[in-house]
Structures are given as structure tokens and as C-alpha cells.
Visitor: 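There's a structure below that I have some questions on.
Residues: numbered from 1 along the sequence shown.
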Amino acid sequence: MKRGGQEIYVGPLGHHSRHLIKYFEGIQGVSKIKDGYNPATWMLEVTSTAQELSLGVDFAEIYKKSDLYRRNKALIEDLSKPAPGAKELYFATQYSQSFLTQCTACLWKQHWSYWRNPPYTAVRFLFTTVIALMFGTVFWDLGSKTKTIQDLSNAMGSMYAAVLFLGIQNASSVQPVVAVERTVFYRERAAGMYSAMPYAIAQVLIEIPYIFVQASVYGLIVYAMIGFEWTVAKFFWYLFFMFFTLLYFTFYGMMAVAVTPNHYIAAIVSAAFYGVWNLFSGFIIPRPSMPIWWRWYYWICPVSWTLYGLVVSQFGDITHMLEDGNNETVEQYLRNFYDFRHDYLGLVAAVIVSFAVLFGAIFTVSIKMFNFQRR
């Protein structure tokens with residue numbers, strides 16, 4: 001083949017490449033091969049671009065007009081005809097393995113990919129531990145203080161800071177990893193190894209155990225140091241909301257990569273939403289204080305639901321009076337000022353889970369639908 005992928009000879013070589021030599025020596029102007037010269041080297045020399053220009057020929061055009069080309073075409077046409085009584089090849093599916101087998105194989109591959117990526121996995125756990133210790137010391141024992149409005153605001157601030165700090169870190173750190181994995185996926189899908197859906201599902205599932213460990217490490221350290229009430233229900237509600245919050249932030253980062261050409265653009269797009277989520281989280285401006293025309297965004301802001309769930313699960317059932325309140329209990333204050341209701345805790349939990357499912361589903365569909373390969 002010549003540069004550009006055009007054929008200049010397709011045929012047998014023969015003993016000592018005699019058929020190849022005979023073909024090219026038959027072209028007018030091509031120098032004869034010297035005795036003992038390497039036929040492969042000679043062929044490359046006489047068919048070079050410089051030789052084409054010197055001779056004023058196009059070896060690709062010469063081949064297309066040759067008897068050899070016509071014989072090859074006739075042979076291909078003849079071989080393309082099935083033998084009498086032969087049945088056409090039929091494959092029930094595009095891929096050799098079932099969907100479940102593909103998922104299992106992709107999940108196993110992702111397991112080893114994550115296990116062999118300490119800059120992502122180990123550093124994430126180290127970062128989480130350091131942040132947990134830092135937040136625990138900064139907000140030391142604030143969770144046990146619920147006598148004043150300021151006490152509640154301080155405890156709420158610890159939840160708000162942790163959600164944004166860890167959540168954004170998770171979303172940002174996963175994006176380069178997903179971008180690299182997607183490049184590998186493009187190559188392996190083109191080779192027919194597996195389809196898009198098993199890969200995307202495996203990418204989503206492999207994050208779950210890592211985030212569970214991350215949320216557990218953070219929850220144990222912070223819950224003890226901040227001094228929230230040690231009851232089984234409240235502790236597990238705290239772990240539940242932290243786990244699914246880190247999960248939907250991670251899936252959001254993955255989703256941003258899946259709908260954009262690369263992780264650089266994904267980071268820019270994501271950053272815009274982080275700012276909006278921060279504004280509508282309900283901590284800076286409580287929902288009842290927002291203008292009526294902006295309250296709709298509060299309900300579709302994931303961080304607002306996380307903050308709702310964390311605050312209500314810890315303080316929404318406390319009935320003692322606030323020292324600086326207007327004869328209000330903690331429960332009444334949260335209901336009147338933030339419109340947080342302990343009765344809606346189950347609904348809030350369902351919404352948090354749905355955000356994680358939604359972002360994971362969009363990532364999965366986007367991997368299947370979009371292709372950002374440059375060639």
C-alpha cells in the first residue's frame with residue numbers, strides 16, 4: 001500500500017518474491033533489482049513518492065488497470081457466492097456473551113482499574129479522613145448544643161460545609177478518571193468486546209463500595225467529634241444522607257463528563273452548577289425567605305434536600321424550648337423558619353436516592369448515545 005491507504009500490489013509473492021519483482025519490473029521506468037538485493041527494500045525504493053514524481057506515474061492507478069487487479073476482483077466475487085445448499089451465517093446477538101456476562105466482566109475490569117489507581121482511591125480516603133478530623137475539631141461538640149438559635153445554626157453550618165466540601169471534591173476528582181476510562185471504552189467497544197450499557201453500569205456500580213467506605217469513615221469521625229445524639233436511628237440517618245449525597249455528587253461528576261467532550265469542559269460546566277446549588281441550598285437563604293419566583297429551584301436543588309434531611313433527622317424531633325426563641329421548641333423553630341418537618345423525613349430520603357439514580361441513569365444513557373471520538 002502507498003501513503004493514504006491505496007493498494008499498489010495485491011497478489012502472491014512467489015519464491016524469493018519473484019512474482020512481486022516481475023510485476024514492478026514490468027512497469028516502464030522502474031529499475032531492475034540487483035542480484036542479492038533485498039526484494040522488500042527494493043520494492044519500497046522503487047515505489048516511493050519521489051519515484052512516482054520522477055517517473056510521472058501513479059502506482060495505485062497502474063494496479064487498478066492491471067490484469068492482476070481484475071483477477072483479484074473476479075476471485076473475490078467468486079468466493080463471495082455461497083456453495084449450493086449452504087446457509088447464511090446467523091448470530092442471535094451482536095456480542096458473543098450475554099448482557100449479564102458483559103456486566104460481570106466490565107465490573108471485574110473496573111475493580112482492578114480502581115484498585116490499581118492509588119492516586120484516586122487512596123488519596124480520596126486520605127483526604128476524607130483529614131477533612132473529617134479538621135471539621136471535627138472546628139465544630140467540636142456543637143451537635144450536642146441545641147439551647148439557642150445560634151447553636152442550631154452552628155450545627156447546621158457543619159453539615160452544610162461538609163456536604164459542599166466533600167461533595168464537590170468527589171465530583172471533581174472522578175472526572176479525569178472517567179475521561180480516561182471512556183477512552184479505553186471507545187477502543188474496546190470498537191473491537192466488539194462489549195456494548196455501552198454494561199460498561200456504564202459497571203462504572204456506576206464500582207463507585208458504590210468506595211463511597212460507602214468514604215461516608216462511613218467520615219460519619220464515624222465527625223459524628224463522634226461534633227457530638228450529635230448517639231441513637232441508632234439518628235446515627236444511621238446521618239450515614240444514609242452522607243452516603244447518598246456523596247454518591248449523587250460523584251454520579252453528577254461522571255454525568256458531566258459523559259455529556260461533554262472532555263473533563264476540562266465538564267469541570268467548567270460543573271462549577272457553574274456548584275455555585276447555584278450553594279445559593280439555593282436553603283442555608284444562606286431559607287426557602288420561606290426566597291422570592292416566590294425562585295422557590296421552584298430550591299425543590300430541584302440536590303443540596304437543599306440533603307441539608308433538609310440532615311437537619312431534620314438530628315434536630316427535627318427535639319421538643320425542648322429555645323432560650324432565645326419566641327416560646328418555640330427546636331422542632332417548631334425549624335418548621336417556622338426553614339419549613340423543615342420531621343414528618344417528611346421518609347420523603348426526603350426517597351428524593352435523595354432518586355437524585356443518585358437520576359444522575360447515574362443520565363450517565364449510563366449518555367455513554368450509550370454520545371460519541372466524542374475525534375476519528
Side-chain angles (χ1 to χ4, degrees), residues 124-125 127-129 131-132 135-136 139 142-144 146 152 155-171 174 204-255 277 281-283 287 298-318 330-331 334-335 338-361 363:
R124 172 164 56 170
F125 292 141
F127 180 83
T128 300
T129 305
I131 292 302
F135 278 15
F139 299 105
L142 289 180
S144 62
T146 57
L152 293 176
M156 189 174 176
S158 70
M159 300 171 178
Y160 161 80
V163 166
L164 283 178
F165 207 95
L166 281 178
I168 293 175
Q169 173 64 25
N170 267 33
V174 78
V204 167
L205 293 179
I206 196 61
E207 282 287 346
I208 294 177
Y210 286 93
I211 294 174
F212 178 78
V213 174
Q214 182 187 11
S216 300
V217 169
Y218 177 84
L220 284 168
I221 295 173
V222 170
Y223 202 91
M225 295 180 72
I226 293 182
F228 292 118
E229 184 179 347
W230 279 103
T231 64
V232 174
K234 291 191 175 185
F235 176 69
F236 280 104
W237 272 123
Y238 188 87
L239 288 183
F240 173 87
F241 284 115
M242 286 306 303
F243 168 69
F244 278 100
T245 297
L246 295 178
L247 196 64
Y248 75 63
F249 262 105
T250 304
F251 289 170
Y252 173 77
M254 294 164 57
M255 178 191 74
W277 288 359
S281 64
F283 179 75
R287 183 181 60 81
Y298 173 91
W299 297 116
I300 63 171
C301 175
V303 179
S304 67
W305 288 94
T306 295
L307 198 60
Y308 194 140
L310 287 171
V311 172
V312 166
S313 63
Q314 295 300 315
F315 308 120
D317 59 347
I318 297 178
V330 173
E331 181 183 8
L334 293 177
R335 177 173 297 190
Y338 293 102
D339 198 21
F340 288 172
R341 301 169 184 268
H342 190 267
D343 298 341
Y344 293 166
L345 189 56
L347 173 63
V348 175
V351 173
I352 292 293
V353 173
S354 68
F355 275 118
V357 173
L358 175 65
F359 293 153
F363 166 77

Visitor: Taking all non-hydrogen atoms of both residues, which atom of R335 and which atom of D343 are closest, and how far apart?
Guide: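 Heavy atoms of R335 and D343 come nearest at NH2-OD2, 4.0 Å.
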Visitor: If I take atom CZ from residue F249 and atom CZ from residue F355, how far apart are they, to the nearest 0.5 angstrom?
Guide: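 Result: 11.0 Å between the selected atoms.
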Visitor: Is there a side chain to side chain contact (heavy atoms under 4.5 Å, CB included) between F359 and F363 once you walk through the steps?
Guide: CA-CA 6 Å; F359 293 153; F363 166 77; over 6 Å; no
Visitor: Minimum heavy-atom separation for A215 to M242, with atom names?
Guide: CB-C, 4.2 Å
Visitor: Could you measure the distance from the CG atom of N170 to the CG atom of L247? Nearest 0.5 Å is fine.
Guide: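 Those atoms lie 9.5 Å apart.
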Visitor: Enter the distance from L345:CG to Y308:OH here, rounded to the nearest 0.5 Å.
Guide: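 Nearest 0.5 Å value for the CG-OH distance: 9.0 Å.
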Visitor: Can you measure from CZ (F315) to CG (L310) and round to the nearest 0.5 angstrom?
Guide: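 So the gap between those two atoms works out to 9.5 Å.
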Visitor: Please enumerate all residues that pass ring-ring contact (aromatic ring centres under 6.0 Å, His included) together with F240, with sequence neighbours excluded.
Guide: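 W237, F244.
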Visitor: Verify, without hydrogens or angle tests, whether S354 (side chain) and V351 (backbone) share a donor-acceptor contact under 3.5 angstrom.
Guide: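 Yes, the answer is positive, given that a donor and an acceptor are paired below the 3.5 Å cut-off.
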Visitor: Which atom names give the shortest non-hydrogen contact between S304 and C301, and what distance separates them?
Guide: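 Scanning both residues completely, I find the closest heavy atoms to be OG-O, 2.6 Å.
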Visitor: Tell me, with the steps shown, if F251 and L358 meet side chain to side chain contact (heavy atoms under 4.5 Å, CB included).
Guide: CA-CA 9 Å; F251 289 170; L358 175 65; over 6 Å; no
Visitor: Can you name the nearest heavy-atom pair linking A155 to L142, along with the distance?
Guide: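 Residues A155 and L142, closest heavy atoms: CB-O, 4.1 Å.
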Visitor: Please collect all side-chain hydrogen bond (donor to acceptor under 3.5 Å, both in side chains) contacts where either partner lies in residues 218-228, sequence neighbours excluded, each pair once.
Guide: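 Listed by first then second residue: Y223-Q314.
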Visitor: Just so I know, are the side chains of M159 and F241 near enough to count as touching, which here means a heavy-atom distance under 4.5 Å?
Guide: no
Visitor: Ignoring hydrogens, what is the shortest heavy-atom contact between G167 and L246? Give both atom names and the distance.
Guide: N-CD2, 4.0 Å
Visitor: Answer whether the closest heavy-atom distance between the side chains of S158 and F228 falls below 4.5 Å.
Guide: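 Yes, their side chains come closer than 4.5 Å.
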Visitor: Report yes if the distance between the aromatic ring centroids of F165 and F135 is under 6.0 Å, otherwise no.
Guide: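 Yes, the ring of F165 comes within the 6.0 Å limit of the ring of F135, centre to centre.
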Visitor: Please name the residue in the list I168, V303, V163 that meets the side chain to side chain contact (heavy atoms under 4.5 Å, CB included) test with W277.
Guide: V303
Visitor: What pair of heavy atoms forms the shortest contact from F243 to I208, and how long is it?
Guide: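 Nearest heavy atoms, F243 then I208: CE1-O, 3.7 Å.
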Visitor: What do the steps show when you test R124 against I211 for side chain to side chain contact (heavy atoms under 4.5 Å, CB included), and what is the final call?
Guide: CA-CA 10 Å; R124 172 164 56 170; I211 294 174; 4.0 Å; yes
Visitor: Given T306 and Y248, is the side chain to side chain contact (heavy atoms under 4.5 Å, CB included) satisfied, shown in steps?
Guide: CA-CA 10 Å; T306 295; Y248 75 63; 2.8 Å; yes
Visitor: Can you confirm whether Y344 is buried at OH, in the sense that more than 12 heavy atoms of other residues, nucleotides or ligands lie under 6.0 Å from that atom?
Guide: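 Counting neighbours around OH of Y344, 12 or fewer heavy atoms of other residues, nucleotides or ligands fall under 6.0 Å, so no.
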Visitor: I need the L152 CG to L334 CG distance, nearest 0.5 Å.
Guide: 6.0 Å
Visitor: Report the C-alpha distance between T128 and Q214 in whole Å, list the side-chain angles of each, state the deciding distance to 0.1 Å, and finish with yes or no for side-chain hydrogen bond (donor to acceptor under 3.5 Å, both in side chains).
Guide: CA-CA 7 Å; T128 300; Q214 182 187 11; 3.0 Å; yes
Visitor: Distance from F125 atom CZ to T129 atom OG1, nearest 0.5 Å?
Guide: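 These two atoms lie 9.0 Å from each other.
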Visitor: Any chance the side chains of Y210 and T250 put a donor and an acceptor closer than 3.5 Å?
Guide: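 There is no such pair (donor and acceptor under 3.5 Å, judged by atom type) between the side chains of Y210 and T250.
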